[in-house]
Undergrad: 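Mind having a look at this structure? Questions to follow.
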Amino acid sequence: MNDALEFFIDPSRCIGCQACVQACGECDTHRGTAMIHLDYVHRPTGVQTTPVVCMHCEDPTCAKVCPADAIKQDEQGVVLSAAKPRCVACSNCVLACPFGVPKMQTSFDLMMKCDMCYDRTSIGRKPMCATVCPSGALFYGPRDYVEKFRREQPVNEFQFGAQTVRTKVNMMTAPGVKALPFDVADFLPFEALDEDPLALARAGAPDVADAAVWHELHDPKAELELICE
Amino acid sequence: MPWMVAVGAACVVCAAVIAGSRGLKHFDAALLYYAIGSVLAAAAVAYRFTVWAQRPPSRMYFKRGLELLLRRGTGRLPAVALATADKIVAQNFIRRRSVYRWVMHLCLSGGCTLAFAITFPLVFGWVHFAPLTGDAETYRVMVLGFGVDSFHVAGVKAFVMFNLLNLSALIVLVGLIMAAVRRFTDAGERATQKFWEDILPLLLIFAVTATGLMLTVSYKFLGGRGHSLIAVVHLVSVLALLFYIPFGKLFHMFQRTCSLCVSLYKKAGARGPRAHCMCCGEDFASRMHVDDLKTVPD
């Protein structure tokens, strides 16, 4: 694997075309089964989608909770899909992954997840999804290119409650954001909260990337005010 | 604790050898190195298994699995029996992934299991053959010192008995060829396979199988030529395979026991309280699973 190349996800560039989903199924390590899916960023307020791939955590929770040692990390930090002989289909990894990436293939009794197209990236080629993405929402290349040509800034630190997760894959977000915070409140149904959905938007996840594109602001507080207006 | 379990396992095997061979009366001294290797391998497997079973996620499943097994009520033992038949004997989960892999794996696991089922009792002195008094051409099958069967040395039963190991070797060879084809041609496997994890076990099994068959070829067709050398190579390859089992890919045969606990756990979880998504209300797992999982990572 070429260490100079990194993976960048920019939700604000996703156009929801699903080309990545189609291409993913062509990967030799999981032929016929797409390991990428599109999620709505904030469905109550818009139709913006974002591709969801394995973030390849530095200290993967999925591997820590696996009872069968089925999930391994290679020397470059790529977290591989479950080893076929070992996986006991317990779904621990599915429930524990902070990003909701692993999928249990119940018909196979096997967890499968994105392995960054290991057959391709291990020999210096781009992952399938990044190869076909027409808008640059999925980009695999040198960091200096991204820093030079993109207004957003790559972040690979995420805060899930008390848990800080550092990842190999970068998320493009507003300049000045050091770590993306996620809170259960971001995903609660608005009907239950009896509040204006827009009032819940705040600097950070999940709509900060959107803010970064439309408003060139570097101050998260000012950004928050603008979003809440 | 793992060391104590390892020593305990070695002691149990030694005791079983002594008891099963009637105080070493039926123990074949020519197989001494195989017996020593088996005792040490049993200790190594016990050590590795204990270390693995103590990891928080595995411990959770074994603890819960035992709790559920011992809980009052019906349906636990049939559930375990069904899961054993489905996951360990028939290996249906592999068939659903790929029929090719299923046939390959059945050949490898079935052939190896048959070979182990023949050789361990012979090595430990639990089974031996003795000629009938006054009839040297009729053999009695002695199991744990008791005569259970007899056959004429020229009969069909004798042919089958004396060639079961060769038959198991042929079954394993079919599996090895299929595995080699897959390792050479499957682009996904080629990208992710590692020598220590994926190639070495196949080489070791091949070495055992090939040298085992060569022993038969040597005494049947070559008048015993090279038999001593092949016997030594066979011994070395068997010992290497036995010692690889606890520390490599083949340990998954013992890790599969965890899938039985998972089956019980899922069955109990399906009947108990459920966890629902806070956002959409969807039922996504058992409450027991979610609560247990929170205790696992740290």
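Letters A, B, ... mirror the listed sequences (proteins, then strands); counts begin at 1. All values below come from the heavy atoms of this structure, side chains included, with hydrogens, waters and symmetry mates left out.
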Undergrad: Against chain A, label B/Ala285 side chain, backbone, both or neither, depending on which of its atoms sit under 4.5 Å from a heavy atom there.
TA: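 Looking at B/Ala285, just its side chain touches chain A.
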Undergrad: Taking atom CZ of B/Arg183 as the centre, does the number of heavy atoms from other residues, nucleotides or ligands within less than 6.0 Å exceed 12?
TA: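 Atom CZ in B/Arg183 is crowded, with more than 12 foreign heavy atoms closer than 6.0 Å.
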Undergrad: Using a 4.5 Å heavy-atom cutoff, which residues in residues 241-248 of chain B come close to chain A?
TA: B/Gly248
Undergrad: Would you mind telling me which of A/Asp119, A/Val94, A/Val65 has the largest number of heavy-atom pairs within less than 4.5 Å of chain B?
TA: A/Val65
Undergrad: Taking side chain as everything from C-beta outward and backbone as N, CA, C, O, which of these in A/Ala70 sits under 4.5 Å from a heavy atom of chain B? Side chain, backbone, both or neither.
TA: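 Looking at A/Ala70, nothing touches chain B.
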Undergrad: How close do B/Val262 and A/Ala89 get, counting heavy atoms only, and between which atoms?
TA: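 Looking at all heavy atoms of both residues, the closest pair is CG1-O, 4.1 Å.
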Undergrad: Under 4.5 Å from any heavy atom of chain A, what part of B/Arg101 do you find: side chain, backbone, both or neither?
TA: side chain
Undergrad: Report which part of B/Lys249 has an atom under 4.5 Å of a heavy atom belonging to chain A: side chain, backbone, both, or neither.
TA: both
Undergrad: Nearest 0.5 Å, what's the OG-CZ distance between A/Ser91 and B/Phe284?
TA: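 Between atom OG of A/Ser91 and atom CZ of B/Phe284 there are 11.5 Å.
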Undergrad: By a 4.5 Å heavy-atom criterion (distance strictly below it), what part of B/Arg55 contacts chain A: side chain, backbone, both, or neither?
TA: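 Just the side chain, heavy atoms under 4.5 Å.
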Undergrad: For A/Cys66, is it the side chain, the backbone, both or neither that has a heavy atom under 4.5 Å from a heavy atom of chain B?
TA: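 Contact with chain B is through the backbone of A/Cys66 alone.
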Undergrad: Among B/Glu197, B/Arg190, B/Lys194, which residue forms the greatest number of heavy-atom pairs with chain A at distances under 4.5 Å?
TA: B/Glu197
Undergrad: For A/Phe99, I'd like to know if atom CZ has over 12 heavy atoms of other residues, nucleotides or ligands within 6.0 Å.
TA: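 Result for CZ/A/Phe99: enclosed.
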Undergrad: Less than 4.0 Å between a side-chain N and a carboxylate O, is that true for A/Arg31 and B/Asp186?
TA: yes
Undergrad: With side-chain contact (heavy atoms from CB on, under 4.5 Å) as the test, would you mind laying out the steps for A/Asp69 and B/Phe251 before giving the verdict?
TA: CA-CA 11 Å; A/Asp69 297 330; B/Phe251 188 68; over 6 Å; no
Undergrad: Say whether, by atom type as modelled, one donor and one acceptor occur between the side chain of B/Arg97 and the main chain of A/Asp109 under 3.5 angstrom.
TA: yes
Undergrad: For A/Ala68 versus B/Trp52, what's the shortest heavy-atom pair and its separation?
TA: CA-NE1, 4.0 Å
Undergrad: Within this structure, what is the CG-CG distance for the pair A/Leu95 and B/Asp292, rounded to the nearest 0.5 Å?
TA: 11.0 Å
Undergrad: If we define contacts as heavy-atom pairs under 4.5 Å, which of A/Cys117, A/Ala83, A/Ser107 has the most with chain B?
TA: A/Ser107
Undergrad: If you tally heavy-atom pairs under 4.5 Å against chain A, which of B/His105, B/Lys266, B/Arg96 wins?
TA: B/Arg96
Undergrad: Report which part of A/Lys72 has an atom under 4.5 Å of a heavy atom belonging to chain B: side chain, backbone, both, or neither.
TA: neither
Undergrad: About how many Å separate CD of B/Glu189 and CG of A/Asp28, when rounded to the nearest 0.5 Å?
TA: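 Going from the CG atom of A/Asp28 to the CD atom of B/Glu189 covers 10.5 Å.
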